[in-house]
*Asks:* 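Supplied in structure tokens, the structure appears directly below.
A, B, ... follow the sequence lines: proteins, then strands. Residue 1 opens every chain.
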Amino acid sequence: MDAISAAPAPLLHSTVLDWYEANARDLPWRTPEASPWAVMVSEFMLQQTPVKRVLPAYAAWLERWPAPADLAADAPGEAVRMWGRLGYPRRALRLHAAAVAITAHHGGRVPDDHAALLALPGVGEYTAAAVASFAFRQRHVVLDTNVRRVFARAVTGVEYPAQATTAAERRTATELLPASVETAATWAVGVMELGALVCTARSPECGACPLARHCAWRVAGRPPYQGPPRRGQSYEGTDRQVRGKLLAVLRDAHGTVPQASLDAVWPEPVQRARALDGLVADGLVEPVGPGVYRLPG
DNA sequence: TATCCGTGGAG
DNA sequence: TCTCCAAGGAT
């Protein structure tokens, strides 16, 4: 029973690569036909939204906007409407803005350069690495919640990673990233898939894990999480809930919406007004006159 | 860096 | 029922 840090890296690599080849889900953004744009759309949608709910939205989105220029030519409000109930609708706005930037500055093609990707709206450290890695097969450290959890357990021996990504985590991920460009991208998606399917947050299936022999957490007897309480996401009664209700009215209506329709979704006027102001400030809602609103045109 | 930003499903 | 959490990003 050696910890993962003591195991030869090539062994870990082949273990994960073999496991991935045999167990990878058949997801549309992983097919050879998936364009870089398709990969990028999937990454935006997958930010905090489960795969199962992304699948139908992803298909509808790409059917309507097969290329960045197609989306860029449409109104941002249409992106917000198509986003539907995926949650965090600012992502829809940012994806539209990214499409505009790609059309204006990159000839309508998703850039393959990591820095150029990172400069796009809605593209952060994870998404830039993911698109560069998965769409262009480059070698990058891809640190998402799945990878962080796998490394927390296998390498550090704790049940959950820290709240924010640490320098130590980046160091670990960098050291474990295969030197070979040919295998780095598959390693990245393989570790992610392992976290998504086996090394899950709630009930990890160590019996089915290819890394079980090397996992520091399992070797230590799967000690329970001891760190500070991981604050839950309260939702009931928050501005987020009100914003969601308001935006749902705008989405489902085509054209403009009168104030009265918005007032009906939440009884408390101060919070309601604050939520609506926030939506307008974010560019998700556009006032078109006194007491009249619509999705941004 | 802590907080804000939606929605729905699993246990 | 209720808590947790799901391929994060921006500020």
*Asks:* For B:dG6, does either OP1 or OP2 sit under 4.0 Å from a side-chain N or O belonging to A:Arg85?
*Replies:*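 For B:dG6, neither OP1 nor OP2 has a side-chain N or O of A:Arg85 closer than 4.0 Å.
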
*Asks:* Which of the following nucleotides, C:dG8, B:dT7, C:dA6, is nearest to the side chain of A:Tyr126?
*Replies:*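 Nucleotide nearest to A:Tyr126's side chain: C:dG8.
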
*Asks:* More than 12 heavy atoms of other residues, nucleotides or ligands under 6.0 Å from CZ of A:Arg109: yes or no?
*Replies:*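 At most 12 heavy atoms, drawn from other residues, nucleotides or ligands, come within 6.0 Å of this atom.
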
*Asks:* According to a 4.5 Å side-chain heavy-atom criterion applied to Ile, Leu, Val, Met, Phe, Trp and Tyr, with indirect links allowed, do A:Val80 and A:Val280 form part of one hydrophobic cluster?
*Replies:*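 A:Val80 clusters together with A:Val280.
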
*Asks:* Under 4.0 Å between any heavy atoms, over every strand shown, what does A:Arg149 touch: base, sugar-phosphate, or nothing? Just pick one.
*Replies:*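 A:Arg149: backbone/sugar contact only, no base atoms under 4.0 Å.
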
*Asks:* What is the distance, to the nearest angstrom, from the CG atom on A:Leu86 to the P atom on B:dG8?
*Replies:*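 Taking atom P of B:dG8 as the reference, CG of A:Leu86 is at 10 Å.
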
*Asks:* Assess whether one donor atom and one acceptor atom, taken from the side chain of A:Arg240 and the base of B:dT7, lie less than 3.5 Å apart.
*Replies:*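 No, no donor-acceptor pair under 3.5 Å.
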
*Asks:* Heavy atoms under 4.0 Å, any strand shown: does A:Ala164 hit a base, just sugar-phosphate, or nothing?
*Replies:*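 Nothing, no heavy atom under 4.0 Å.
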
*Asks:* For A:Arg243 and B:dC5, give me the distance from atom CZ to atom C1', rounded to whole Å.
*Replies:*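 Value for this atom pair: 6 Å.
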
*Asks:* Which sits closer to the 5' end of DNA chain C, A:Val51 or A:Leu120, going by the nucleotide each is nearest to?
*Replies:*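 The residue whose closest nucleotide sits nearer the 5' end is A:Val51.
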
*Asks:* A:Asp282 has an atom CG; how far is it from atom P of B:dC5, in whole Å?
*Replies:*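 It works out to 8 Å between those atoms.
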
*Asks:* Quick check on C:dA7: is either OP1 or OP2 less than 4.0 Å from any side-chain nitrogen or oxygen of A:Gln47?
*Replies:*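 Answer is no, no contact under 4.0 Å.
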
*Asks:* A:Arg25 CZ to C:dA6 C1': how many Å, rounded?
*Replies:*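 Atom-to-atom, A:Arg25 to C:dA6, this comes out as 11 Å.
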
*Asks:* Tell me whether the OP1 or OP2 atom of B:dG6 has a side-chain N or O from A:Tyr235 closer than 4.0 Å.
*Replies:*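 A:Tyr235 to B:dG6 OP1/OP2: no side-chain N or O under 4.0 Å.
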
*Asks:* Under 4.0 Å between a side-chain N/O of A:Arg251 and OP1 or OP2 of B:dT7, yes or no?
*Replies:*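 For B:dT7, OP1 or OP2 has a side-chain N or O of A:Arg251 closer than 4.0 Å.
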
*Asks:* Rounding to a whole Å, what distance do you find between A:Leu143:CG and C:dG9:P?
*Replies:*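 Checked: the CG to P distance equals 11 Å.
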
*Asks:* Could you check whether A:Gly87 gets within reach of a base, just the sugar-phosphate, or nothing at all, counting any heavy atom under 4.0 Å?
*Replies:*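 Result for A:Gly87 = base.
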
*Asks:* Hey, does the side chain of A:Arg91 come within less than 4.0 Å of C:dG9's phosphate (OP1/OP2), counting only N and O?
*Replies:*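 The answer is no; no side-chain N or O of A:Arg91 sits under 4.0 Å from OP1 or OP2.
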
*Asks:* May I have the distance from A:Leu93 (atom CG) to B:dC5 (atom C1'), rounded to whole angstrom?
*Replies:*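 One finds 13 Å between C1' of B:dC5 and CG of A:Leu93, rounded.
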
*Asks:* What contact category does A:Trp83 fall into here, base, sugar-phosphate, or nothing, at under 4.0 angstrom with non-hydrogen atoms?
*Replies:*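 The answer is nothing, as A:Trp83 stays clear of every strand by at least 4.0 Å.
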
*Asks:* Check the phosphate of C:dC5 against A:Tyr160, side-chain N and O only, distance under 4.0 Å to OP1 or OP2. Yes or no?
*Replies:*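 Yes, within the criterion.
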
*Asks:* Send over the distance from A:Leu55 CG to C:dA7 P, rounded to a whole Å.
*Replies:*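 Rounded to the whole Å, the gap is 13 Å.
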
*Asks:* How far does OG1 of A:Thr103 sit from NE2 of A:His105, to the nearest 0.5 angstrom?
*Replies:*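 If we round to the nearest 0.5 Å, A:Thr103:OG1 and A:His105:NE2 are 10.0 Å apart.
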
*Asks:* Looking at the base of B:dG8, is there any donor atom on it, or on the side chain of A:Thr49, that sits under 3.5 Å from an acceptor on the other one?
*Replies:*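 Looking at the base of B:dG8, it does not pair with any donor or acceptor on the side chain of A:Thr49 (distance under 3.5 Å).
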
*Asks:* Select base, sugar-phosphate, or nothing to describe what A:Thr238 touches, counting heavy atoms under 4.0 Å on all strands.
*Replies:*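 A:Thr238: no heavy atom of the nucleic acid under 4.0 Å.
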
*Asks:* Heavy atoms from C-beta onward define the side chain here; which of B:dG11, C:dA10, B:dG6 lies closest to that of A:Arg202?
*Replies:*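 For the A:Arg202 side chain, the nearest candidate turns out to be B:dG11.
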
*Asks:* Which is it for A:Arg64 and A:Asp70 under the salt bridge (Lys or Arg N to Asp or Glu O under 4.0 Å) test, yes or no, and what are the steps along the way?
*Replies:* CA-CA 8 Å; A:Arg64 179 166 178 182; A:Asp70 301 317; over 6 Å; no

*Asks:* So, does A:Thr145 get its side chain near the phosphate of C:dA6, meaning an N or O under 4.0 Å from OP1 or OP2?
*Replies:*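 Yes.
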
*Asks:* When you compare C:dA7 with B:dT3, how far apart are their P atoms, in angstrom units rounded to a whole number?
*Replies:*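 After rounding to an integer number of Å, I get 23 Å for this pair.
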
*Asks:* So what does A:Val123 touch, heavy atoms closer than 4.0 Å: a base, only the sugar-phosphate, or nothing?
*Replies:*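 Here A:Val123 touches the backbone only, sparing every base.
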
*Asks:* Under 4.0 angstrom, heavy atoms only, what part of the nucleic acid is A:Leu95 near: base, sugar-phosphate, or nothing?
*Replies:*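 Touches nothing.
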
*Asks:* If you measure only the distance, is there a donor-acceptor pair under 3.5 Å linking the side chains of A:Ser180 and A:Arg139?
*Replies:*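 No.
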
*Asks:* Whole angstrom is fine here: how far is it from CD in A:Gln163 over to P in C:dG8?
*Replies:*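 Those two atoms, CD and P, are 14 Å apart.
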
*Asks:* Given B:dT3, B:dC5, C:dA7, which nucleotide is nearest the side-chain atoms of A:Tyr88?
*Replies:*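 Looking only at heavy atoms from C-beta outward on A:Tyr88, the closest nucleotide is B:dC5.
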
*Asks:* For the residue pair A:His114 and A:His140, does the interplanar ring angle fall in the parallel (under 30°), tilted (30 to 60°) or perpendicular (over 60°) class?
*Replies:*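 Rings of A:His114 and A:His140: parallel, under 30°.
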
*Asks:* Nearest 0.5 Å, what's the CG-CH2 distance between A:Leu295 and A:Trp83?
*Replies:*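 That separation rounds to 14.5 Å.
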
*Asks:* How is A:Glu125 classified with respect to the nucleic acid when contacts are heavy atoms under 4.0 Å: base, sugar-phosphate, or nothing?
*Replies:*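 Answer is sugar-phosphate: A:Glu125 comes under 4.0 Å of backbone atoms only.
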
